[in-house]
Protein chains: 2
Amino acid sequence: MPAALMPKEEVLDRLTRVFREYGYDGASIARLSAATGLGKASLYHYFKGGKQEMAGAVLAHVGSKFSALVIAPLKQHVDPERRLRTMTYGLNEFYDQGGASCTLDLFGFGSAGELFQPQLKGSIHRFRNALAEVIRAAGFDHNKAETRAEDAIVTIQGALVLGRATGETSVFQRVLKDLPERLLRPA
Amino acid sequence: MPAALMPKEEVLDRLTRVFREYGYDGASIARLSAATGLGKASLYHYFKGGKQEMAGAVLAHVGSKFSALVIAPLKQHVDPERRLRTMTYGLNEFYDQGGASCTLDLFGFGSAGELFQPQLKGSIHRFRNALAEVIRAAGFDHNKAETRAEDAIVTIQGALVLGRATGETSVFQRVLKDLPERLLRPA
DNA sequence: GTCTATAAGCAGATAGAC
DNA sequence: GTCTATCTGCTTATAGAC
């Protein structure tokens with residue numbers, strides 16, 4: 001395979017930015033082309049399945065970044081509070097300090113919803129399980145841990161929605177700061 | 001003004017359903033036409049400003065339904081716990097038991113975001129103020145009330161996002177059930 | 001692997017008959 | 001007030017040269 005002008009990693013980063021800003025339907029090939037600097041035909045050379053395959057690749061790319069930044073810290077061999085604190089740093093970076101949208105949100109409706117719901121469901125499942133295990137490690141029972149883990153995801157998603165609607169990132173910042181204590185405080 | 005074949009109220013309800021299911025960019029005129037049973041030209045007769053005006057009218061329509069179902073209960077002359085409980089019934093209906101998306105979410109990005117952010121911001125502001133006043137009436141100070149009100153909105157939005165991504169409404173139902181107690185419990 | 005040029009179809013929007 | 005027919009431009013996607 002001959003070298004491309006731009007590493008696929010970089011291409012995916014740029015595609016991701018467009019999908020996250022405009023959503024699936026709003027991310028036109030023209031915009032994706034401009035953002036990558038590649039002509040439309042070059043994009044179709046990379047992704048023979050067209051826009052749908054681009055979105056799928058973006059989803060996988062985003063998923064692997066999320067694993068590295070957010071899931072991995074939850075599996076470290078340190079105390080629960082420390083794991084959750086490290087995770088919040090990862091979340092802060094992953095969501096660009098609260099200024100980025102989540103693909104869980106943007107790919108969950110309309111044409112994208114029909115195509116990608118199974119993947120979204122899987123991502124949520126993995127995140128909730130990793131969170132719940134940390135909370136169990138802190139001494140909470142299975143049900144309590146599952147519920148708190150779910151609440152954490154709800155809170156993160158909600159804060160991102162609010163931040164986007166208001167144009168402010170302060171809600172996300174506050175929520176992130178309080179998250180570890182909230183997940184571990186006595187019932 | 002001669003009578004129309006369908007009351008504008010009914011037209012707005014149907015437009016709302018499409019915008020809430022597909023988002024702004026995904027809601028094509030063809031779909032809006034099919035959902036209302038009106039030809040494209042008839043839609044443009046109602047809304048001379050085109051799709052942008054349709055979305056604006058939908059936003060206003062949704063806003064007034066939200067006022068009646070959710071804000072009004074918060075201003076009743078009964079105890080705070082009762083006001084919040086009644087509000088959750090309104091939320092349940094407004095969001096179709098958790099199966100409907102929120103325009104705060106769907107109109108917050110892409111082309112819609114640029115057009116409607118001010119209105120979204122206003123809606124959030126009104127909801128948060130109404131919630132905070134009830135929480136203050138229960139004896140909490142201004143800051144605590146504001147924070148809890150904001151958390152409530154975050155939680156509702158997040159639960160809707162999660163519900164859409166997983167195709168389940170159980171998260172929304174649980175969150176709604178716990179909301180009054182959570183907003184009023186001792187600090 | 002990248003490009004220019006172009007195809008085919010759908011988008012939003014309008015004209016004008018009834 | 002509603003319709004059919006139509007316009008223009010943008011959409012996704014492809015062909016084929018370099």
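Worth knowing before you read on, the calculation uses all heavy atoms, side chains too, and leaves out hydrogens, waters and symmetry mates.
A cation-pi contact, defined as under 6.0 Å to the ring centre and within 45° of the axis, is absent between Arg164(A) and Tyr95(A).
Electrostatic pairing of Asp13(A) and Lys65(A) counts as a salt bridge here, judged by a charged N lying under 4.0 Å from a carboxylate O. Under the 4.0 Å criterion applied to side-chain N and carboxylate O atoms, Lys48(B) and Glu53(B) are not assigned as salt-bridge partners. A salt bridge links Glu150(A) with Arg174(B): the closest approach of a Lys/Arg side-chain nitrogen to an acidic carboxylate oxygen falls below 4.0 angstrom.
The distance from atom NZ of Lys51(B) to atom C1' of dG12(C) is 8 Å, rounded to the nearest whole Å. Rounded to whole Å, the distance from NE2 on His45(B) to P on dT4(D) is 16 Å. One atom, OH of Tyr24(A), and another, C1' of dT11(D), lie 12 Å apart when rounded to the nearest Å. What separates CG of Leu43(B) from C1' of dT2(D) is a distance of 11 Å, to the nearest Å. A straight line from NZ of Lys40(A) to P of dG16(D) spans 18 Å, rounded to a whole angstrom. Rounded to whole Å, the distance from CE on Met6(B) to C1' on dC3(D) is 15 Å. With rounding to whole Å, Asp25(A) atom CG is found 13 Å from dT12(D) atom C1'. Remark: C1' of dT12(D) and CZ of Phe19(A) are 12 Å apart, rounded to the nearest angstrom.
For Ser42(A), counting side-chain heavy atoms from C-beta on, the closest listed nucleotide (dT2(C), dG12(C), dT2(D)) is dT2(C). Among the nucleotides dT14(D), dT2(D), dA11(C), the one closest to any side-chain atom of Leu38(B) is dT2(D). Each of dG12(C), dG1(D), dT2(C) was ranked by its minimum atom distance to the side chain of Tyr44(B); first place goes to dG12(C). Distances were taken from every side-chain heavy atom of Ala41(B) (C-beta onward) to each of dT4(D), dT2(D), dA13(C); the shortest belongs to dT4(D). Among the nucleotides dC3(C), dG12(C), dT2(D), the one closest to any side-chain atom of Tyr46(B) is dT2(D).
Defined by atom type and a distance below 3.5 Å, a donor-acceptor pair is present between the side-chain atoms of Arg182(A) and Thr155(A).
If you check every strand for non-hydrogen atoms under 4.0 Å, Ser28(B) touches sugar and phosphate atoms only. When heavy atoms are screened at a 4.0 angstrom cut-off, Gly49(B) is found touching no nucleic acid atom at all.
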